[in-house]
Participant: 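Sharing a structure, written as structure tokens. Questions coming.
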Amino acid sequence: MIPILAKLSKRFLSIKPSSFRRFLYDKIDFSAQIIGIVGGRGSGKTTLMHQYAKSSKYKPSQILYISCDHPSILNENIYEIADDFYTHGGKLLLLDEIHKVKDFPSHLKAIYDFTDLQVIFSGSSAMSIRHELADLSRRALVYDLPILSFREFLALKNIVHLKSYSLEEILHSHEDIVVEIISEIKPLEYFSDYLEYGAYPFFKEGINSYSERLLEVVHTTIDSDLASIFSINYEKLDALKKVLYMLCSTTPYEVNKSKLSNGVGISWSTLAKYLEYMQKGSLLHIVRGSKGHKTLHTPNKILLNNPNLFSVLCAKADIGAIRESFIVSQLLPSHQVHYHHQGDFLVDERYTIEVGGRSKDIKQIKGLKEAYLAIDDIESGYDNTMPLWLFGFLY
């Protein structure tokens, strides 16, 4: 065992666990031998692994935590470390930021084949993890960890602890649900805070430094994660950042391919590839047409991954883009979201949802079946009009 690894692992395990658990914790089958947690930087993957380690049946001496982006791991063989740990009585191996390990699937397969270690790993959402783990597909369970929901934000701030609701419940029973929620809190009092700094758990480390931390997440995701995973040339990385800055202040209408290409200074074919990378890196959402839409393979809308990104990427953000970024970020963990030519989004090939402010009326979606308005800055709604903030209770 490399001494520094044992030392860092003991330090990691000595930390008091957070009492707040992300919604995903209760969905993970911890009886599996290999478990993966993938998501954007800062979403809470390390905290989730730490919470499991602290609540598990294993003694600290039977647990090894390795941060795979630590300098001590450079040029080391993860399987050999795992095998040595197992030989000396190890039971639980935690591999953080596993995408930093070259050819990590082969190491995981060897650990599975030749040891009885339980392995929990975290990695960037940019990894094609399920494809890369094809040989372990029936043995490894991989879970996606999105940003905090509005409901989780309220719980993490210890304002109120409320349950989540299904999309069907929100669409069909929103008036009753809102009564339950507003008997506990005034959601609009906190919703603007969530839009500004509530998407990542590290807001607990200081709201004043939140913007700097989030900007660092953006730069590290591009300069380190995406650059290494997709072998992007260093001189091209600025193009990815420029796309983010352009989208920040742009009204989320249909994508203008030539405007984006000219603004960034690269061809659309290259830019489309970069957009896919940034979506995988939890920086963007690309919304395309549904199966019956003629532009299935062309992005109709490109939105920043979550509303917090707007405040750190541009001085004057477009409010319409913020609203749409919010609702898409809350829907995507459990639902399909496509572009709709009449409303804003088609969800699960069934529900049409139009997003807007107080002045938005039913005119745009009139005549459509199962069509709804998600309206910002209202506490409660009626019929098929509901408050935008309520979609923050989906998970």
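Keep in mind the model is a prediction, meaning the values are calculated, not measured.
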Participant: Transitively linked via ILVMFWY side-chain contacts under 4.5 Å: Leu94 with Leu24?
Facilitator: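 The answer is yes; both residues are in one hydrophobic cluster.
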Participant: Less than 4.0 Å between a side-chain N and a carboxylate O, is that true for Glu205 and Arg213?
Facilitator: yes
Participant: Could you tell me the separation between the CD atom of Gln62 and the OG atom of Ser56, rounded to the nearest 0.5 Å?
Facilitator: 8.5 Å
Participant: Report yes if some heavy atom in the side chain of Ile81 is under 4.5 Å from a heavy atom in the side chain of Ile73; otherwise report no.
Facilitator: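 The answer is yes, as the side chains (C-beta and beyond) meet within the 4.5 Å cut-off.
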Participant: Regarding Thr270 and Ser267, do their side chains bring together a donor and an acceptor under 3.5 Å, going by distance alone?
Facilitator: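 Looking only at side-chain atoms, Ser267 and Thr270 do form a donor-acceptor pair, the distance falling under 3.5 Å.
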Participant: Does a donor on one side chain sit under 3.5 Å from an acceptor on the other, for Asp361 and Ser359?
Facilitator: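 No, no side-chain donor-acceptor pair sits under 3.5 Å.
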Participant: Looking only at heavy atoms, which two atoms of Gly392 and Ser149 are closest? And how far apart?
Facilitator: O-CB, 3.5 Å
Participant: I'd like to check Phe310 versus Glu196 (side-chain heavy atoms, cut-off strictly below 4.5 Å). Are they in contact?
Facilitator: no
Participant: Between Ser173 and Asp176, do the side chains contain a donor N or O and an acceptor N or O under 3.5 Å apart?
Facilitator: no
Participant: Checking ring-ring contact (aromatic ring centres under 6.0 Å, His included) for the pair Phe202/Tyr210: CA distance, chi angles, key distance, verdict?
Facilitator: CA-CA 7 Å; Phe202 56 77; Tyr210 184 81; 5.1 Å; yes
Participant: Using the six-membered ring wherever Trp is involved, compare the ring planes of Phe191 and Tyr194 and label them parallel, tilted or perpendicular (cut-offs 30° and 60°).
Facilitator: parallel
Participant: Do Leu214 and Tyr197 sit in the same hydrophobic cluster, where Ile, Leu, Val, Met, Phe, Trp and Tyr count as joined when their side-chain heavy atoms come under 4.5 Å apart?
Facilitator: yes
Participant: What orientation do Phe104 and Phe121 show, parallel under 30°, tilted 30 to 60°, or perpendicular over 60°?
Facilitator: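 Ring orientation, 0 to 90° scale: tilted.
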Participant: When rounded to the nearest 0.5 angstrom, what distance separates CZ in Arg22 from CD in Glu152?
Facilitator: 4.0 Å
Participant: Keeping the roles fixed (side chain from His70, backbone from Ile66), state whether a donor-acceptor pair exists under 3.5 Å.
Facilitator: no
Participant: Just verifying a value: how many Å separate Ser325 OG and Asp318 CG, rounded to the nearest 0.5 Å?
Facilitator: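 Going from the OG atom of Ser325 to the CG atom of Asp318 covers 11.0 Å.
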Participant: Side-chain contact test, heavy atoms from C-beta onward, threshold under 4.5 Å: evaluate it for His50 versus Lys45 and give yes or no.
Facilitator: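 Side-chain contact under 4.5 Å: no.
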Participant: Has the side chain of Lys369 got a donor or acceptor atom that lies under 3.5 Å from a matching backbone atom of Tyr351?
Facilitator: no
Participant: Could you walk me through whether Asp223 and Lys241 pass the salt bridge (Lys or Arg N to Asp or Glu O under 4.0 Å) test, one step at a time?
Facilitator: CA-CA 10 Å; Asp223 296 339; Lys241 297 172 187 175; 3.1 Å; yes
Participant: Within the 3.5 Å criterion, strictly below it, is a donor on Asp383 or Thr385 matched to an acceptor on the partner's side chain?
Facilitator: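 Judged by distance alone, the side chains do not pair up.
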Participant: Donor-acceptor pair, Asn233 side chain versus Glu235 backbone, under 3.5 Å?
Facilitator: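 Not a single qualifying donor-acceptor pair exists.
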Participant: For atom CG of Asn208, is the number of surrounding heavy atoms from other residues, nucleotides or ligands below 6.0 Å larger than 12?
Facilitator: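 Not more than 12 within 6.0 Å, no.
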Participant: Applying side-chain hydrogen bond (donor to acceptor under 3.5 Å, both in side chains) to Lys100 and Ser224, what does each step give before you reach the verdict?
Facilitator: CA-CA 9 Å; Lys100 294 296 182 180; Ser224 179; 2.3 Å; yes
Participant: Please examine the side chains of Leu141 and Ile28, heavy atoms only from C-beta on, and report whether any two atoms are closer than 4.5 Å.
Facilitator: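 No, their side chains stay 4.5 Å or more apart.
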Participant: Could you walk me through whether Glu354 and Lys360 pass the salt bridge (Lys or Arg N to Asp or Glu O under 4.0 Å) test, one step at a time?
Facilitator: CA-CA 9 Å; Glu354 174 74 9; Lys360 175 70 68 173; 2.8 Å; yes
Participant: Between Lys301 and Asp344, does at least one N-O distance fall below 4.0 Å, as a salt bridge requires?
Facilitator: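 Salt bridge present between Lys301 and Asp344.
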Participant: Which heavy atom in Gly381 sits nearest to a heavy atom in Ile378, and how many Å separate them?
Facilitator: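 It is CA-CD1, 4.5 Å.
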Participant: Considering the options Ser124, Ser125, Ser329, which one meets the side-chain hydrogen bond (donor to acceptor under 3.5 Å, both in side chains) requirement together with Ser282?
Facilitator: Ser125
Participant: Is there a side-chain contact between Leu156 and Phe203 in this structure, where contact means two heavy atoms from C-beta onward sitting under 4.5 Å apart?
Facilitator: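 Yes. Closest side-chain heavy atoms under 4.5 Å.
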Participant: So, Arg358 and Asp376, do they make that salt bridge, N to O below 4.0 Å?
Facilitator: no
Participant: Between Ile302 and His285, is any pair of side-chain heavy atoms under 4.5 Å apart?
Facilitator: no
Participant: Does some side-chain heavy atom of Ile222 sit less than 4.5 Å from a side-chain heavy atom of Leu283?
Facilitator: yes
Participant: Is the gap between the ring centers of Phe150 and Tyr190 under 6.0 Å?
Facilitator: no
Participant: Does Lys91 qualify as a cation-pi partner of Tyr86, given the criterion of NZ or CZ under 6.0 Å from the six-membered ring centre and within 45 degrees of its axis?
Facilitator: no
Participant: Walk me through whether Glu276 and Arg288 qualify under salt bridge (Lys or Arg N to Asp or Glu O under 4.0 Å).
Facilitator: CA-CA 12 Å; Glu276 291 286 351; Arg288 294 184 171 86; 2.4 Å; yes
Participant: Decide if the gap between the ring center of Phe30 and the ring center of Tyr52 is smaller than 6.0 angstrom.
Facilitator: yes
Participant: Apply ring-ring contact (aromatic ring centres under 6.0 Å, His included) to the pair His338 and Phe345, showing each step before the final yes or no.
Facilitator: CA-CA 6 Å; His338 291 110; Phe345 305 108; over 10 Å; no
Participant: Is the shortest side-chain N to carboxylate O distance from Asp238 to Lys242 below 4.0 Å?
Facilitator: no
Participant: Closer than 3.5 angstrom, by distance alone: can the side chain of Trp389 be matched with the main-chain N or O of Leu188 as a donor-acceptor pair?
Facilitator: no
Participant: For the pair Tyr165 and Phe393, name the ring-plane relationship: parallel under 30°, tilted 30 to 60°, perpendicular over 60°.
Facilitator: tilted
Participant: Once rounded to the nearest 0.5 Å, what's the spacing between atom CG of Leu313 and atom CG of Leu215?
Facilitator: 6.5 Å
Participant: Return the minimal non-hydrogen interatomic distance between Ile353 and Ala374, and the atom names on each side.
Facilitator: CG2-CB, 4.1 Å
Participant: Tell me the closest heavy-atom pair linking Leu13 and Lys54, and the distance in Å.
Facilitator: O-NZ, 2.6 Å
Participant: Return the OG to CD1 distance between Ser192 and Ile322, rounded to the nearest 0.5 Å.
Facilitator: 11.0 Å
Participant: Drop me the distance from Leu64's CG to His88's NE2, to the nearest 0.5 angstrom.
Facilitator: 12.5 Å
Participant: With a 4.5 Å cut-off on side-chain heavy-atom distances among I, L, V, M, F, W and Y, is there a chain of contacts connecting Leu167 to Tyr395?
Facilitator: yes
Participant: Going by heavy atoms in the side chains, are Leu108 and Ile98 under 4.5 Å from each other?
Facilitator: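 The answer is yes, as the side chains (C-beta and beyond) meet within the 4.5 Å cut-off.
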Participant: Any donor and acceptor pair, going by atom type alone, linking the side chain of Ser261 with main-chain N or O of Lys257 inside 3.5 Å?
Facilitator: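 Indeed, once roles are kept as given, a pair shorter than 3.5 Å links the two residues.
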Participant: Using a distance-only test with no angle check, is there a side-chain donor-acceptor pair under 3.5 angstrom linking Asp96 and Ser122?
Facilitator: yes
Participant: Evaluate the side-chain hydrogen bond (donor to acceptor under 3.5 Å, both in side chains) criterion for residues Asp84 and Thr87: first the C-alpha distance (whole Å), next the side-chain angles of each, then the deciding distance (0.1 Å), finally the verdict.
Facilitator: CA-CA 5 Å; Asp84 181 60; Thr87 301; 5.6 Å; no
Participant: Would you say Asp348's side chain and His335's backbone share a donor-acceptor pair under 3.5 angstrom?
Facilitator: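 It does not hold such a pair.
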